[in-house]
Amino acid sequence: MVNHNGRIVYRQGEQAVYGVSAAEYGQLLFLLNRYHKLLNAVNWPETHVDKLTAIGNQLLSCCLPCDEVDGRLLIKMCAEADTNTRVHVYLSNNFWGIRGLYALSELLALHSCHEAACRFRTMASMLRENIDVVIKKYTETTRFGPLVPFRLGYTARPATLSFCQDSFDPLSEEEWNIYRTPSYMRDLGRDELDVTENSYANYRYYPEMLSAMLLDTSVTDALVHMRESIGGECLGMTRFLGHLDDWPVLNYASFLLESGRIEKYLLLLYSHTTHHGSPSLLCYYEQIAVGGKVLNPDCIPSLLTSAVMLGWMFAYETVENKQLQLLKAIPQSWFNDSFSIEKLSYSCGSIDISWDHNTLTLHFSEPTDSPSELFFRNKSTLSLSDFRQGNDHILSLSGNRLTLKSGLTTAVFEFV
């Protein structure tokens with residue numbers, strides 16, 4: 001629930017300190033704007049609009065001057081409910097704060113709140129400029145490639161991302177002994193050798209940074225390489241301290257799909273579905289041991305992970321420009337038979353998709369308002385001569401990716 005002050009009523013800890021992150025506020029605003037048509041946002045009552053404005057004001061109240069970047073304003077806030085006493089400038093909060101404030105400005109413009117919309121858009125632009133300064137100033141060249149710290153004032157070279165044998169840089173025996181003892185999550189933590197902070201970064205902060213799609217490819221490549229190398233994942237699933245925790249792994253999944261790491265995306269889907277719960281019971285857990293022992297009980301985000309990733313295999317919309325991408329992660333073997341999905345929602349309506357050996361049929365509930373992309377992963381390259389039917393729907397073709405014309409309601413593609 002969001003109260004009249006724009007604060008999500010969700011608390012953690014004995015002192016009942018609010019534990020919501022700026023990334024959560026930003027993602028909420030982003031999703032409300034992304035699906036405003038389906039949510040009938042143009043007809044929301046004034047009380048809804050007031051709460052949206054209050055959420056934006058909450059974010060603005062946490063925009064504070066930072067000495068590390070010559071007094072520029074950045075969002076300073078906790079980044080996780082478990083660690084809500086650790087209030088810093090986290091890049092994940094700023095990235096999604098930027099996305100959220102831009103989204104809020106668009107939502108408010110729908111309700112003719114132009115002054116407030118301009119105020120939030122201006123702050124989003126300022127934060128974007130300021131966070132670019134942070135990235136430029138604090139990017140380090142490492143053995144994995146160029147890396148940025150997940151929070152201002154912290155190292156860009158975390159010793160490890162979980163309890164593992166390989167470390168980013170060599171550690172002395174004394175340093176290892178200090179590092180192997182986790183700091184209490186509600187303490188302020190250590191300056192650098194803090195496996196608790198590093199594991200939370202692996203579990204949440206890095207994936208949220210990646211999912212915002214605001215980093216250069218060279219940096220995201222390095223983050224993935226680091227994650228793979230120093231205890232970040234097991235079969236694509238997220239490692240946390242000595243176990244697995246996929247609670248917020250959808251952030252990583254969306255990045256993998258959007259950046260074209262399809263086989264890695266499918267590995268995560270298969271692994272999570274098989275190992276992070278009990279498929280026969282449709283019960284998925286918050287934390288499990290690598291061997292499968294349940295450490296924390298059933299968890300709705302973990303339960304939804306497989307379903308959401310399955311839906312994204314068929315239809316996914318990019319973060320930056322909302323481009324609809326169809327069949328981008330369908331396993332190649334599926335094209336040898338038949339598959340279908342009905343009434344799969346996206347921001348402008350729903351879509352039915354069916355494939356029958358060599359014919360694909362698309363039906364949109366509403367005409368598409370912009371060009372979309374369609375992927376035939378059963379082939380590496382295609383030409384117009386490969387189609388017996390459907391060429392009139394194609395705007396352009398590159399490899400196995402077709403760009404489809406806007407205004408489509410029904411399209412049939414039949415291979416020769």
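The structure presented is a predicted model; accordingly, all values stated were derived computationally and were not measured. Residue numbers run from 1 in the order of the sequence given. Both backbone and side-chain heavy atoms feed into the values below; hydrogens, waters and symmetry mates do not.
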Checklist entry - Any luck finding a side-chain donor-acceptor pair between N33 and R99 under 3.5 Å? => result no

Next on the checklist: Salt bridge or not between D221 and R261? Use side-chain N to carboxylate O under 4.0 Å.
Outcome noted: yes

Checklist entry - For R186 and N84, what are the C-alpha separation, side-chain angles and deciding distance, and is it a side chain to side chain contact (heavy atoms under 4.5 Å, CB included)? => result CA-CA 7 Å; R186 299 200 192 280; N84 55 17; 3.7 Å; yes

Checklist entry - T220 and Y206: side chain to side chain donor-acceptor pair (under 3.5 Å), yes or no, with the steps? => result CA-CA 10 Å; T220 60; Y206 284 130; over 6 Å; no

Item to check | Check: T83/Y205 side-chain N/O donor and acceptor closer than 3.5 Å | outcome: yes

Item to check | Donor-acceptor side-chain pairing of S211 and W96 below 3.5 angstrom | outcome: yes

Item to check | Any side-chain heavy-atom pair of I341 and D352 under 4.5 Å | outcome: no

Checklist entry - Would N198 and Y154 count as a side chain to side chain contact (heavy atoms under 4.5 Å, CB included) if you check the C-alpha gap in whole Å, the side-chain angles of each, and the deciding distance to 0.1 Å? => result CA-CA 10 Å; N198 295 342; Y154 197 78; 2.8 Å; yes

Item to check | No-hydrogen, no-angle side-chain donor-acceptor test under 3.5 Å, S406 and S370 | outcome: no

Checklist outcome for this item: Nearest heavy-atom contact between L107 and A41 is CD2-CB, 4.4 Å

Item to check | Working for ring-ring contact (aromatic ring centres under 6.0 Å, His included), residues Y285 and H276 | outcome: CA-CA 6 Å; Y285 308 109; H276 219 282; 8.0 Å; no

Next on the checklist: Looking at K264, I want to see if its NZ is surrounded by more than 12 non-hydrogen atoms of other residues, nucleotides or ligands under 6.0 Å.
Outcome noted: yes

Item to check | Partner set under salt bridge (Lys or Arg N to Asp or Glu O under 4.0 Å) for D298, not counting sequence neighbours | outcome: none

Next on the checklist: Is there a salt bridge (Lys or Arg N to Asp or Glu O under 4.0 Å) between R151 and E197? Walk through the geometry before answering.
Outcome noted: CA-CA 10 Å; R151 86 178 203 214; E197 186 77 341; 2.7 Å; yes

Item to check | F413 to G390 - nearest heavy-atom pair and separation | outcome: CE2-O, 3.4 Å

Next on the checklist: If I compare all heavy atoms of L266 with all of A329, which pair ends up nearest, and what's the gap?
Outcome noted: CD2-O, 3.4 Å

Checklist entry - Looking just at side-chain N and O atoms, do T160 and Y179 make a donor-acceptor pair shorter than 3.5 Å? => result yes

Item to check | salt bridge (Lys or Arg N to Asp or Glu O under 4.0 Å) assessment of K322 paired with E317 | outcome: CA-CA 5 Å; K322 203 174 72 170; E317 291 177 279; 5.4 Å; no

Next on the checklist: In this structure, is the centre-to-centre distance between the rings of H272 and Y284 below 6.0 Å?
Outcome noted: yes

Item to check | Pair F30 and Y102, ring centroids less than 6.0 Å apart | outcome: no

Item to check | Within-4.5 Å side-chain heavy-atom neighbours: Q58 and S61 | outcome: yes

Checklist outcome for this item: In terms of heavy-atom contacts, K37 and S347 come closest through CB-O, 3.9 Å

Item to check | Cation-aromatic face contact K379/F415, 6.0 Å, 45 degrees | outcome: yes

Checklist entry - If you measure only the distance, is there a donor-acceptor pair under 3.5 Å linking the side chains of D194 and S183? => result yes

Item to check | L214 side, atom CG; I131 side, atom CD1 - distance, nearest 0.5 Å | outcome: 9.5 Å

Checklist entry - Does F376 reach the side chain of L326, with side-chain heavy atoms less than 4.5 Å apart? => result no

Item to check | Interatomic spacing from CE in M226 to CG in L147 - rounded to 0.5 Å | outcome: 5.5 Å

Checklist entry - Would T181 and R190 count as a side chain to side chain donor-acceptor pair (under 3.5 Å) if you check the C-alpha gap in whole Å, the side-chain angles of each, and the deciding distance to 0.1 Å? => result CA-CA 11 Å; T181 303; R190 306 186 187 104; 5.3 Å; no

Checklist entry - Has H357 got more than 12 heavy atoms of other residues, nucleotides or ligands less than 6.0 Å from its NE2? => result yes

Item to check | Polar side chain donor-acceptor pair, D356 to S338, under 3.5 angstrom | outcome: yes

Next on the checklist: When you measure from the side chain of K137 to the backbone of E68, do you find a donor-acceptor pair of N or O atoms at a distance under 3.5 Å?
Outcome noted: yes

Checklist entry - Should K328 and E258 be marked as a salt bridge (Lys or Arg N to Asp or Glu O under 4.0 Å) after you check the CA-CA gap, both sets of side-chain angles, and the distance that decides it? => result CA-CA 9 Å; K328 188 174 184 179; E258 185 147 345; over 6 Å; no

Item to check | Heavy-atom donor-acceptor pair, W44 side chain to L39 backbone, under 3.5 Å | outcome: yes

Checklist entry - Given side chains that start at C-beta, do those of S254 and Y316 come closer than 4.5 Å, heavy atoms only? => result yes

Item to check | Audit row: D245, R204, salt bridge (Lys or Arg N to Asp or Glu O under 4.0 Å) steps and yes/no | outcome: CA-CA 10 Å; D245 192 330; R204 180 167 180 179; over 6 Å; no

Checklist entry - Residues in salt bridge (Lys or Arg N to Asp or Glu O under 4.0 Å) with D169, at least two apart? => result R157

Next on the checklist: When you compare the side chain of L161 with that of Y203, does any pair of heavy atoms fall below 4.5 Å?
Outcome noted: no

Item to check | Y184/T196 under side chain to side chain contact (heavy atoms under 4.5 Å, CB included): CA gap, chis, key distance, verdict | outcome: CA-CA 8 Å; Y184 179 50; T196 300; over 6 Å; no

Checklist entry - Does the side chain of W334 reach to within under 4.5 Å of the side chain of P331, using non-hydrogen atoms? => result yes

Item to check | Ring center gap for Y346 and Y35 short of 6.0 angstrom | outcome: no

Next on the checklist: With a 4.5 Å cut-off on side-chain heavy atoms, are E366 and F364 touching?
Outcome noted: no

Checklist entry - With a 3.5 Å cut-off and no angle check, do the side chains of E286 and N296 form a donor-acceptor pair? => result no

Next on the checklist: Determine whether T318 and N321 satisfy the following criterion, side chain to side chain donor-acceptor pair (under 3.5 Å), listing intermediate values before the conclusion.
Outcome noted: CA-CA 6 Å; T318 60; N321 55 13; 2.4 Å; yes

Item to check | Residue pair L127 / I75, side-chain heavy-atom distance below 4.5 Å | outcome: yes

Checklist entry - F163 and R239: which non-hydrogen atoms are nearest, and at how many Å? => result O-NH2, 2.8 Å

Next on the checklist: Checking L223 against L215 for the side chain to side chain contact (heavy atoms under 4.5 Å, CB included) test, could you report, in this order, the C-alpha distance in whole Å, the side-chain angles of both residues, the deciding distance, and whether it holds?
Outcome noted: CA-CA 10 Å; L223 286 174; L215 285 168; 3.9 Å; yes

Next on the checklist: Using 0.5 Å steps for rounding, measure from the CG atom of L38 to the CG atom of L32.
Outcome noted: 12.0 Å

Checklist entry - Where do N93 and S21 come nearest, in terms of heavy atoms and distance? => result OD1-CB, 3.5 Å

Checklist entry - Is N57 atom CG crowded by more than 12 heavy atoms from other residues, nucleotides or ligands, each under 6.0 Å away? => result yes

Next on the checklist: Rounded at 0.5 Å granularity, tell me how far CG in N391 sits from CG in L384.
Outcome noted: 5.0 Å

Item to check | Criterion side chain to side chain donor-acceptor pair (under 3.5 Å) on D246 and S302, from CA distance to verdict | outcome: CA-CA 6 Å; D246 271 358; S302 285; over 6 Å; no

Item to check | Lys/Arg N to Asp/Glu carboxylate O, R227 vs E233, below 4.0 Å | outcome: yes

